[in-house]
Amino acid sequence: METFHSFKKIYYLLFAVIGVPVNLLAIVILSRGKCGLSTCTTHYLVAMAMADLLVIITDVILWRSSYYYFPETLLNITPVCSVIYVLLCAATDCSVWFTITFSFDRFVTICCQKLKTKYCTAKTAAVVLVTTCILLCLKNVPFYFIYEPREIIDNVPWDCDTKPIYYTEPGWMGLDWFDKVLTPLLPFVLILLLNALTVRHILVASRVRKGLRGQSKGENRSDPEIESRRKSVILLFTISGSFILLWLIYIIDFLYYNITRTDPGDYNNSEYIFGQVGYMLQVLSCCTNTFIYGVTQSKFRGQIKNTVKYLVTSIIQFINKPNN
(Lines give C-alpha, C1' and ligand atoms only; values in the text may rest on other atoms or scores of the structure.)
Protein backbone atom coordinates (compact mmCIF):
# COMPACT_ATOMS: atom_id res chain seq x y z
CA MET A 1 0.00 0.00 0.00
CA GLU A 2 2.87 2.37 0.75
CA THR A 3 4.22 1.78 -2.75
CA PHE A 4 0.85 2.66 -4.24
CA HIS A 5 0.69 5.92 -2.25
CA SER A 6 4.17 6.83 -3.50
CA PHE A 7 3.05 6.11 -7.06
CA LYS A 8 0.02 8.38 -6.64
CA LYS A 9 2.21 11.23 -5.38
CA ILE A 10 4.46 10.99 -8.43
CA TYR A 11 1.50 10.52 -10.80
CA TYR A 12 -0.35 13.66 -9.67
CA LEU A 13 2.87 15.70 -9.56
CA LEU A 14 3.79 14.76 -13.14
CA PHE A 15 0.22 15.31 -14.22
CA ALA A 16 0.27 18.86 -12.86
CA VAL A 17 3.72 19.66 -14.25
CA ILE A 18 2.82 18.45 -17.75
CA GLY A 19 -0.90 19.20 -17.88
CA VAL A 20 -0.83 22.90 -16.98
CA PRO A 21 1.62 24.09 -19.68
CA VAL A 22 0.13 21.78 -22.32
CA ASN A 23 -3.38 23.15 -21.81
CA LEU A 24 -2.13 26.74 -21.57
CA LEU A 25 -0.31 26.21 -24.86
CA ALA A 26 -3.46 24.80 -26.43
CA ILE A 27 -5.54 27.77 -25.22
CA VAL A 28 -3.04 30.30 -26.60
CA ILE A 29 -2.68 28.56 -29.97
CA LEU A 30 -6.40 27.99 -30.48
CA SER A 31 -7.30 31.54 -29.39
CA ARG A 32 -5.07 32.97 -32.12
CA GLY A 33 -7.37 31.39 -34.72
CA LYS A 34 -4.61 30.25 -37.08
CA CYS A 35 -5.41 26.53 -37.08
CA GLY A 36 -7.77 26.61 -40.04
CA LEU A 37 -10.80 26.02 -37.82
CA SER A 38 -14.10 27.88 -37.84
CA THR A 39 -14.78 30.38 -35.06
CA CYS A 40 -17.51 28.08 -33.75
CA THR A 41 -15.18 25.09 -33.52
CA THR A 42 -12.47 27.24 -31.95
CA HIS A 43 -14.88 28.37 -29.20
CA TYR A 44 -15.60 24.75 -28.26
CA LEU A 45 -11.96 23.68 -28.30
CA VAL A 46 -10.83 26.66 -26.22
CA ALA A 47 -13.63 26.00 -23.71
CA MET A 48 -12.59 22.34 -23.48
CA ALA A 49 -8.96 23.29 -22.91
CA MET A 50 -9.94 25.80 -20.22
CA ALA A 51 -12.14 23.24 -18.47
CA ASP A 52 -9.32 20.69 -18.60
CA LEU A 53 -6.93 23.25 -17.14
CA LEU A 54 -9.38 23.96 -14.30
CA VAL A 55 -9.62 20.22 -13.61
CA ILE A 56 -5.85 20.07 -13.22
CA ILE A 57 -5.75 23.16 -10.97
CA THR A 58 -8.69 22.26 -8.72
CA ASP A 59 -8.59 18.46 -8.69
CA VAL A 60 -4.92 17.59 -9.16
CA ILE A 61 -3.15 20.58 -7.56
CA LEU A 62 -5.51 22.04 -4.94
CA TRP A 63 -7.32 18.82 -3.93
CA ARG A 64 -5.03 15.82 -4.38
CA SER A 65 -1.50 17.20 -4.52
CA SER A 66 -2.12 19.49 -1.54
CA TYR A 67 -2.86 16.38 0.54
CA TYR A 68 0.61 15.01 -0.24
CA TYR A 69 2.75 18.13 -0.55
CA PHE A 70 0.98 20.90 1.39
CA PRO A 71 -0.55 19.35 4.52
CA GLU A 72 -1.87 21.55 7.31
CA THR A 73 -2.25 24.66 5.19
CA LEU A 74 -5.26 26.91 4.57
CA LEU A 75 -6.27 24.52 1.79
CA ASN A 76 -7.06 21.92 4.44
CA ILE A 77 -9.53 24.02 6.44
CA THR A 78 -12.92 22.35 6.08
CA PRO A 79 -14.83 25.25 4.43
CA VAL A 80 -11.94 25.83 2.01
CA CYS A 81 -11.55 22.22 0.91
CA SER A 82 -15.35 21.99 0.60
CA VAL A 83 -15.30 24.92 -1.85
CA ILE A 84 -12.41 23.33 -3.73
CA TYR A 85 -14.41 20.11 -4.04
CA VAL A 86 -17.40 21.98 -5.49
CA LEU A 87 -15.11 23.71 -7.99
CA LEU A 88 -13.40 20.48 -9.06
CA CYS A 89 -16.79 18.79 -9.54
CA ALA A 90 -17.97 21.71 -11.68
CA ALA A 91 -14.73 21.70 -13.69
CA THR A 92 -14.99 17.94 -14.28
CA ASP A 93 -18.61 18.24 -15.39
CA CYS A 94 -17.75 21.10 -17.74
CA SER A 95 -14.85 19.14 -19.23
CA VAL A 96 -17.16 16.21 -20.00
CA TRP A 97 -20.17 18.20 -21.18
CA PHE A 98 -18.15 20.59 -23.32
CA THR A 99 -17.04 17.44 -25.14
CA ILE A 100 -20.70 16.51 -25.60
CA THR A 101 -21.66 19.96 -26.91
CA PHE A 102 -18.73 19.85 -29.32
CA SER A 103 -19.67 16.35 -30.49
CA PHE A 104 -23.23 17.56 -31.10
CA ASP A 105 -21.90 20.54 -33.04
CA ARG A 106 -19.83 18.16 -35.23
CA PHE A 107 -22.90 15.95 -35.69
CA VAL A 108 -24.96 18.90 -36.88
CA THR A 109 -22.16 20.10 -39.15
CA ILE A 110 -21.78 16.72 -40.85
CA CYS A 111 -25.30 15.30 -40.80
CA CYS A 112 -27.76 18.22 -40.67
CA GLN A 113 -26.97 20.64 -43.47
CA LYS A 114 -30.21 22.62 -43.08
CA LEU A 115 -29.66 23.18 -39.35
CA LYS A 116 -25.94 23.83 -39.79
CA THR A 117 -26.23 27.45 -40.93
CA LYS A 118 -28.35 28.40 -37.90
CA TYR A 119 -26.76 26.29 -35.15
CA CYS A 120 -23.05 26.13 -36.04
CA THR A 121 -22.24 29.78 -35.35
CA ALA A 122 -19.92 31.51 -32.91
CA LYS A 123 -22.89 33.14 -31.12
CA THR A 124 -24.68 29.83 -30.62
CA ALA A 125 -21.48 28.20 -29.37
CA ALA A 126 -20.99 30.97 -26.82
CA VAL A 127 -24.59 30.71 -25.58
CA VAL A 128 -24.40 26.90 -25.32
CA LEU A 129 -21.08 26.95 -23.45
CA VAL A 130 -22.06 29.71 -21.00
CA THR A 131 -25.47 28.13 -20.27
CA THR A 132 -23.92 24.70 -19.77
CA CYS A 133 -21.29 26.11 -17.43
CA ILE A 134 -23.81 28.00 -15.27
CA LEU A 135 -26.18 25.03 -14.95
CA LEU A 136 -23.37 22.64 -14.01
CA CYS A 137 -21.97 25.05 -11.42
CA LEU A 138 -25.41 25.40 -9.79
CA LYS A 139 -25.88 21.62 -9.84
CA ASN A 140 -22.68 21.12 -7.80
CA VAL A 141 -23.42 23.64 -5.02
CA PRO A 142 -25.03 20.98 -2.71
CA PHE A 143 -21.73 19.09 -2.59
CA TYR A 144 -20.38 21.84 -0.34
CA PHE A 145 -22.46 20.35 2.47
CA ILE A 146 -21.38 16.70 2.22
CA TYR A 147 -18.21 17.18 4.26
CA GLU A 148 -17.54 17.42 7.96
CA PRO A 149 -14.26 18.27 9.73
CA ARG A 150 -11.95 15.42 10.69
CA GLU A 151 -10.77 17.37 13.71
CA ILE A 152 -11.24 20.78 15.32
CA ILE A 153 -8.14 22.58 16.60
CA ASP A 154 -8.52 25.91 18.41
CA ASN A 155 -12.08 26.16 17.07
CA VAL A 156 -10.82 25.75 13.49
CA PRO A 157 -12.27 22.79 11.53
CA TRP A 158 -9.60 20.86 9.62
CA ASP A 159 -9.76 18.44 6.67
CA CYS A 160 -12.80 17.13 4.82
CA ASP A 161 -14.36 13.80 5.70
CA THR A 162 -17.47 12.69 3.84
CA LYS A 163 -20.46 12.51 6.16
CA PRO A 164 -21.55 8.86 6.69
CA ILE A 165 -25.15 9.77 5.83
CA TYR A 166 -24.01 10.59 2.27
CA TYR A 167 -23.95 6.84 1.58
CA THR A 168 -27.09 5.93 3.54
CA GLU A 169 -29.55 8.86 3.54
CA PRO A 170 -31.96 8.64 0.55
CA GLY A 171 -31.65 12.32 -0.36
CA TRP A 172 -27.86 12.24 -0.56
CA MET A 173 -27.89 8.86 -2.32
CA GLY A 174 -30.30 10.30 -4.88
CA LEU A 175 -27.98 13.28 -5.42
CA ASP A 176 -25.05 10.89 -5.84
CA TRP A 177 -26.96 8.87 -8.45
CA PHE A 178 -28.04 12.04 -10.26
CA ASP A 179 -24.44 13.25 -10.27
CA LYS A 180 -23.10 9.99 -11.73
CA VAL A 181 -25.91 9.72 -14.29
CA LEU A 182 -25.21 13.27 -15.43
CA THR A 183 -21.45 12.63 -15.49
CA PRO A 184 -20.51 10.22 -17.00
CA LEU A 185 -23.37 7.73 -17.61
CA LEU A 186 -25.49 10.02 -19.81
CA PRO A 187 -22.42 11.29 -21.69
CA PHE A 188 -21.52 7.63 -22.37
CA VAL A 189 -24.84 7.16 -24.13
CA LEU A 190 -24.82 10.51 -25.93
CA ILE A 191 -21.28 10.14 -27.25
CA LEU A 192 -21.98 6.63 -28.53
CA LEU A 193 -25.26 7.74 -30.11
CA LEU A 194 -23.90 10.89 -31.76
CA ASN A 195 -20.79 9.14 -33.00
CA ALA A 196 -22.78 6.18 -34.32
CA LEU A 197 -25.13 8.47 -36.25
CA THR A 198 -22.23 10.55 -37.54
CA VAL A 199 -20.22 7.51 -38.64
CA ARG A 200 -23.31 6.03 -40.32
CA HIS A 201 -23.87 9.26 -42.25
CA ILE A 202 -20.21 9.41 -43.30
CA LEU A 203 -20.17 5.80 -44.48
CA VAL A 204 -23.40 6.18 -46.47
CA ALA A 205 -22.21 9.44 -48.05
CA SER A 206 -18.85 7.87 -48.87
CA ARG A 207 -20.47 4.90 -50.63
CA VAL A 208 -22.60 7.27 -52.71
CA ARG A 209 -19.57 9.37 -53.57
CA LYS A 210 -17.56 6.31 -54.57
CA GLY A 211 -20.39 5.21 -56.83
CA LEU A 212 -20.55 8.60 -58.49
CA ARG A 213 -16.81 8.57 -59.07
CA GLY A 214 -16.87 5.06 -60.51
CA GLN A 215 -14.91 3.53 -57.63
CA SER A 216 -17.57 0.97 -56.80
CA LYS A 217 -16.15 -1.23 -59.58
CA GLY A 218 -12.72 -1.34 -58.07
CA GLU A 219 -11.09 1.79 -59.45
CA ASN A 220 -8.47 3.19 -57.10
CA ARG A 221 -8.51 6.91 -57.67
CA SER A 222 -7.66 9.16 -54.76
CA ASP A 223 -10.56 11.11 -53.27
CA PRO A 224 -9.65 13.86 -50.76
CA GLU A 225 -13.24 14.03 -49.51
CA ILE A 226 -13.39 10.31 -48.67
CA GLU A 227 -9.96 10.52 -47.03
CA SER A 228 -11.19 13.41 -44.89
CA ARG A 229 -14.24 11.42 -43.85
CA ARG A 230 -12.08 8.41 -43.02
CA LYS A 231 -10.02 10.56 -40.68
CA SER A 232 -13.23 11.82 -39.09
CA VAL A 233 -14.35 8.24 -38.38
CA ILE A 234 -10.98 7.43 -36.79
CA LEU A 235 -11.18 10.58 -34.66
CA LEU A 236 -14.71 9.80 -33.47
CA PHE A 237 -13.81 6.24 -32.47
CA THR A 238 -10.69 7.52 -30.69
CA ILE A 239 -12.74 10.00 -28.66
CA SER A 240 -15.39 7.43 -27.77
CA GLY A 241 -12.91 4.70 -26.89
CA SER A 242 -10.76 7.01 -24.77
CA PHE A 243 -13.71 8.40 -22.83
CA ILE A 244 -15.30 5.01 -22.15
CA LEU A 245 -12.10 3.20 -21.18
CA LEU A 246 -10.82 5.92 -18.87
CA TRP A 247 -14.16 6.29 -17.04
CA LEU A 248 -15.00 2.58 -16.91
CA ILE A 249 -13.26 1.69 -13.62
CA TYR A 250 -14.75 4.77 -11.95
CA ILE A 251 -18.25 3.67 -12.99
CA ILE A 252 -17.68 0.08 -11.83
CA ASP A 253 -16.51 1.37 -8.43
CA PHE A 254 -19.60 3.60 -8.16
CA LEU A 255 -21.93 0.70 -8.95
CA TYR A 256 -20.05 -1.53 -6.50
CA TYR A 257 -20.41 0.70 -3.46
CA ASN A 258 -24.06 1.46 -4.28
CA ILE A 259 -25.05 -2.18 -4.85
CA THR A 260 -23.14 -3.49 -1.81
CA ARG A 261 -23.96 -0.37 0.27
CA THR A 262 -20.28 -0.18 1.20
CA ASP A 263 -18.78 3.07 2.44
CA PRO A 264 -15.59 3.70 0.36
CA GLY A 265 -13.96 4.68 3.63
CA ASP A 266 -14.31 1.05 4.73
CA TYR A 267 -12.69 -0.45 1.61
CA ASN A 268 -10.03 -3.11 2.05
CA ASN A 269 -6.67 -2.63 0.30
CA SER A 270 -7.65 -4.13 -3.06
CA GLU A 271 -10.98 -2.25 -3.16
CA TYR A 272 -9.22 0.98 -2.22
CA ILE A 273 -6.60 0.59 -4.95
CA PHE A 274 -9.28 -0.24 -7.53
CA GLY A 275 -11.27 2.88 -6.60
CA GLN A 276 -8.19 5.12 -6.62
CA VAL A 277 -7.10 3.84 -10.03
CA GLY A 278 -10.60 4.74 -11.25
CA TYR A 279 -10.18 8.31 -9.98
CA MET A 280 -6.71 8.57 -11.54
CA LEU A 281 -7.97 7.47 -14.95
CA GLN A 282 -11.06 9.69 -14.65
CA VAL A 283 -8.85 12.73 -14.10
CA LEU A 284 -6.71 11.68 -17.05
CA SER A 285 -9.84 11.47 -19.21
CA CYS A 286 -10.75 15.05 -18.38
CA CYS A 287 -7.40 16.22 -19.68
CA THR A 288 -7.10 14.37 -22.99
CA ASN A 289 -9.93 16.00 -24.95
CA THR A 290 -7.94 18.88 -26.37
CA PHE A 291 -4.97 16.62 -27.08
CA ILE A 292 -7.07 14.20 -29.11
CA TYR A 293 -8.97 16.85 -31.03
CA GLY A 294 -6.08 19.23 -31.54
CA VAL A 295 -3.15 16.97 -32.34
CA THR A 296 -5.11 15.37 -35.20
CA GLN A 297 -5.09 18.76 -36.93
CA SER A 298 -1.92 19.30 -38.97
CA LYS A 299 -2.18 23.09 -38.71
CA PHE A 300 -2.49 22.81 -34.93
CA ARG A 301 0.70 20.73 -34.84
CA GLY A 302 2.39 23.32 -37.03
CA GLN A 303 1.38 26.09 -34.63
CA ILE A 304 2.75 24.08 -31.70
CA LYS A 305 6.12 23.74 -33.47
CA ASN A 306 6.22 27.45 -34.28
CA THR A 307 5.27 28.45 -30.74
CA VAL A 308 7.79 26.12 -29.09
CA LYS A 309 10.48 27.27 -31.52
CA TYR A 310 9.68 30.92 -30.71
CA LEU A 311 9.79 30.27 -26.95
CA VAL A 312 13.11 28.39 -27.15
CA THR A 313 14.64 31.11 -29.32
CA SER A 314 13.43 33.83 -26.96
CA ILE A 315 14.84 32.02 -23.93
CA ILE A 316 18.22 31.52 -25.61
CA GLN A 317 18.34 35.18 -26.61
CA PHE A 318 17.42 36.24 -23.07
CA ILE A 319 20.16 34.03 -21.57
CA ASN A 320 22.79 35.25 -24.01
CA LYS A 321 21.81 38.91 -23.81
CA PRO A 322 23.93 39.78 -20.70
CA ASN A 323 26.97 38.30 -22.42
CA ASN A 324 26.75 40.66 -25.39
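- Between Tyr44 and Val128 there is a side-chain heavy-atom pair separated by less than 4.5 Å.
- Within the 4.5 Å cutoff, no side-chain heavy atoms of Tyr256 are placed close to those of Phe274.
- Counting heavy-atom neighbours within 6.0 Å of Lys163 NZ, excluding the residue itself, gives a total above 12.
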Exercise for the section: Could you walk me through whether Cys133 and Cys94 pass disulfide bond (SG atoms under 2.5 Å apart), step by step? Expected result: CA-CA 6 Å; Cys133 182; Cys94 286; 4.1 Å; no

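- Two residues are said to be in side-chain contact when any heavy atoms from C-beta on lie closer than 4.5 Å; Ile146 and Asp176 fail this criterion.
- Expressed to the nearest 0.5 Å, how far OG of Ser38 lies from CG of Leu45 amounts to 9.0 Å.
- Rounding to the nearest 0.5 Å gives a distance of 14.5 Å between CD1 of Ile27 and CZ of Arg32.
- Under the 6.0 Å cut-off for aromatic ring centres, Tyr144 and Tyr85 do not qualify, their centroids lying 6.0 Å or more apart.
- Within the 4.5 Å cutoff, the side chain of Glu148 has no heavy atoms near those of the Thr78 side chain.
- Between Lys139 and Phe178, the closest side-chain pair of non-hydrogen atoms falls below 4.5 Å.
- For the ring pair (Phe, Tyr, Trp, His ring centres under 6.0 Å) with Phe104, the lone residue among Phe98, Tyr119, Trp97 that qualifies is Tyr119.
- Looking at Ile249 and Gln282, their side chains never come closer than 4.5 Å, going by heavy atoms from C-beta outward.
- Proximity of Gln276 to Tyr267: side-chain heavy atoms (C-beta onward) are nowhere separated by under 4.5 Å.
- At least one side-chain heavy atom of Pro187 sits under 4.5 Å from a side-chain heavy atom of Phe243.
- Aromatic ring centroids of Trp172 and Tyr167 lie 6.0 Å or more apart.
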